[in-house]
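This report concerns only the one structure given below.
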Number of protein chains: 2
Amino acid sequence: MTLKQLEAFYWAASAASFGVAAERLHVSQSTLSKRIAELEAQLRKDLFDRSGHRAMLTEAGEQLLPLARRMLGLADEMRTLVAEGGGVRGHCRFGVGELAALTWLPDFVAFVRATYPDLVLEPQVDLGAALEQRLESGELDFAVVAGYSSRSAIASEAIAEVRFSWAASPALVGAQRVITAKLLQDTALITMPAAAGPTRMLEHWLAVNNLEAGRRLTCNNLAAIAGLIAAGVGIGLFPNGWLKQMAERGSVVELRSRPALPALEYTIQWRRDDSRPLLQKIREAVRETVDFSKPSPLW
Amino acid sequence: MTLKQLEAFYWAASAASFGVAAERLHVSQSTLSKRIAELEAQLRKDLFDRSGHRAMLTEAGEQLLPLARRMLGLADEMRTLVAEGGGVRGHCRFGVGELAALTWLPDFVAFVRATYPDLVLEPQVDLGAALEQRLESGELDFAVVAGYSSRSAIASEAIAEVRFSWAASPALVGAQRVITAKLLQDTALITMPAAAGPTRMLEHWLAVNNLEAGRRLTCNNLAAIAGLIAAGVGIGLFPNGWLKQMAERGSVVELRSRPALPALEYTIQWRRDDSRPLLQKIREAVRETVDFSKPSPLW
DNA sequence: CACTCTTACGGCACCCGTAAGAATC
DNA sequence: GATTCTTACGGGTGCCGTAAGAGTG
């Protein structure tokens, strides 16, 4: 019986499939399969029922799982106990929404690289819903997205409230500085995909205020959206920090709306069953660096 | 970091020396040394201070030790959890005194072999004091000896009270059936070495009753002593069970004494820090089979 | 046919034990 | 010099990844 075998068993049992678990452990799927088979041979007991399409835990496997969990936790405890520099090492895969990717991500990565030089970060930018699913399936260690997760296996902690304002090119709106029903009807509304946090917030606001948008333009790239708005293609939302900087340069103007747009709450999400010290340090680092109003260094 | 490394570390830290730990784990001493070195390299921290003649735990080692202990305990828990047949496997080294070796040992070995066919027993016969030391040094898993241990690291549990009687050849004592001061003076007293439990009990009895023995004959082999007594060389003590059987054959007679010899308490002793399920099963087996009055199958 | 897991197999790395070396008492 | 631990080294094996196979839905 080895720690590698137990690690393979634990992740295979708690991730969505052997393949996901293998990827997470940075080994081939065949290696992971063999490690589990060897553990089963060692214990002379099947831990997975392979009769179906996907491997399911047997009763023995269910019993072993919490012990394996404690074992791996203990191993982590050992590593952190003796490591003087906090002892955060290895790989960390995480997901961020577009907004976070373009504002906070560079600072976060710089901070983590400075604080934990032995930690390799692997950020992945996607929509919150997709990230949540990959988080639950074990592909990611944590995610920073808009809103709380509704999944029981995932914990959420609020880290920031982001305020948005309407923005448009001065060439598009002339002297108008207020959002009106007519303006919404007459100009294109440029947004992220419907599943994105800011878009959901916007749709909710429109519905509550009995407003309807005319033409829609959806783009899955926030930087591209900013470019489109600045180019006068349509109106859209900018986080306040961006708007301020771009307004100073005269490339866009702020449009006021009544009522104002609500703040959008961003959270860090992680698997409840992941108690690694790594994750606690990472959460500290997120809280330490969080700032979604900072303009992208790109413009 | 592997379980083998942690096992090596744990036993090296809690046994008397690397050599003893290596023997216990059935690996060469160089292998054990390397496993520890690899663990230290892995953790980037020295666990032993090798500057002196023998390796001493560093502070980091002291901190790690309880975690390693919990880890190995967890591993044992896993093995027993999934093992249906009680799951007692592997090797078990233990010590027994001469008396236990000649009476209870065969029954015990037979019982254990029948109950736990995958367990390999390695009994070692020696004096209680020597066994205790080897127990503490990690060479033995448990010992069955006379009296309680005074060492704090060793736990003792009473398992039997053994009563002894004086015995002599009828040719030696004629019609006399009572121990007198004169008899003790005139005939040789045949005993086990001074450190043996029955001998210590006897010496105490002599001192309390202000008696002195004349010639002494010490032998480290209980079966040989029995032969010497039956041959009329001198008087000595037999456990009551033996005496009864030999008296029926007429080879020896019982001599009464006033006051009677006190009972001698036998215990099973084990290291307090050894919480393996194996040991609990073994203790059950000992209690199940314990009987020191049974005559040796040899005569 | 897509998906998931297992098996076969070649190659490499790791780990073991023997034997010699270094250091302490 | 005896004891304790480390280092050097040859040999075997255990483990990895690639690729093909088997079974399910």
Side-chain angles (χ1 to χ4, degrees), chain A residues 1-58 60-61 64-65 90-91 133-134 136-139, chain B residues 1-58 60-61 64-65 90-91 133-134 136-139:
Chain A
M1 193 165 64
T2 72
L3 283 176
K4 282 181 178 179
Q5 287 169 3
L6 290 167
E7 202 176 27
F9 164 69
Y10 175 73
W11 282 108
S14 62
S17 73
F18 281 24
V20 172
E23 204 171 316
R24 148 146 233 154
L25 294 176
H26 302 104
V27 297
S28 75
Q29 194 261 13
S30 111
T31 294
L32 184 114
S33 176
K34 200 133 68 102
R35 282 186 187 171
I36 293 171
E38 274 160 5
L39 179 60
E40 290 174 316
Q42 170 73 228
L43 297 175
R44 300 164 195 276
K45 197 107 179 180
D46 281 356
L47 300 173
F48 285 95
D49 171 13
R50 279 110 161 155
S51 65
H53 186 55
R54 47 197 321 116
M56 302 286 295
L57 273 181
T58 62
L64 195 65
L65 192 56
H91 289 250
Q133 192 185 333
R134 295 166 77 181
E136 190 169 41
S137 81
E139 291 175 68
Chain B
M1 193 164 67
T2 71
L3 283 175
K4 283 182 178 178
Q5 288 168 2
L6 289 166
E7 200 176 30
F9 164 70
Y10 175 73
W11 282 107
S14 63
S17 72
F18 282 24
V20 171
E23 203 171 317
R24 151 144 231 157
L25 294 176
H26 302 104
V27 296
S28 75
Q29 194 261 13
S30 113
T31 294
L32 184 115
S33 176
K34 199 134 67 102
R35 282 185 186 172
I36 294 171
E38 274 161 5
L39 180 60
E40 289 174 316
Q42 170 74 229
L43 298 174
R44 301 162 193 276
K45 197 106 178 182
D46 282 357
L47 300 173
F48 286 95
D49 171 13
R50 278 111 163 155
S51 64
H53 184 56
R54 47 196 321 116
M56 301 287 293
L57 272 182
T58 61
L64 196 66
L65 191 55
H91 288 249
Q133 192 184 334
R134 297 166 75 181
E136 189 168 41
S137 82
E139 291 174 68

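Chain letters run A, B, ... following the sequence lines, proteins first and then strands; every chain starts at 1.
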Can you measure [X] atom [atom1] to [N] atom [atom2] for me and round it to whole angstrom units?
X	N	atom1	atom2	answer
A:Q29	D:dA19	CD	C1'	12 Å
A:L3	D:dC15	CG	P	13 Å
A:K34	D:dA19	NZ	C1'	14 Å
A:I36	C:dT7	CD1	C1'	15 Å
B:L47	D:dC5	CG	P	15 Å
A:R50	D:dA22	CZ	P	18 Å
B:D49	C:dA23	CG	C1'	13 Å
B:D46	D:dC5	CG	P	15 Å

*asked:* For A:T2 and B:E40, find the nucleotide of DNA chain D closest to each by heavy atoms; which residue's nucleotide sits nearer the 5' end?
replied: B:E40
*Between B:F18 and A:H26, name the one whose nearest nucleotide on DNA chain D is closer to the 5' end.*
B:F18
When you measure from the side chain of [X], which nucleotide among [options] comes out closest?
X	options	result
B:T31	D:dT6, C:dG17, C:dT6	C:dG17
B:R35	D:dC5, C:dC16, C:dC15	C:dC16
B:S33	C:dC5, D:dT6, C:dC16	D:dT6
B:S28	D:dC16, C:dT18, C:dT6	C:dT18
B:S30	C:dC5, C:dC9, D:dT6	D:dT6

Validation row: [X], [Y] side chains within 4.5 angstrom (heavy atoms):
X	Y	value
A:L64	A:L43	yes
B:W11	B:I36	no
B:T2	A:T2	no

*Quick one: sort the B:F18 and B:F48 rings into parallel, tilted or perpendicular, breaks at 30° and 60°.*
perpendicular
*How do A:A37 and A:H53 order along DNA chain C: which one's closest nucleotide is nearer the 5' end?*
A:H53
*Among A:K34, A:E40, A:E38, side chain to side chain contact (heavy atoms under 4.5 Å, CB included) partner for A:Q5*: A:E38
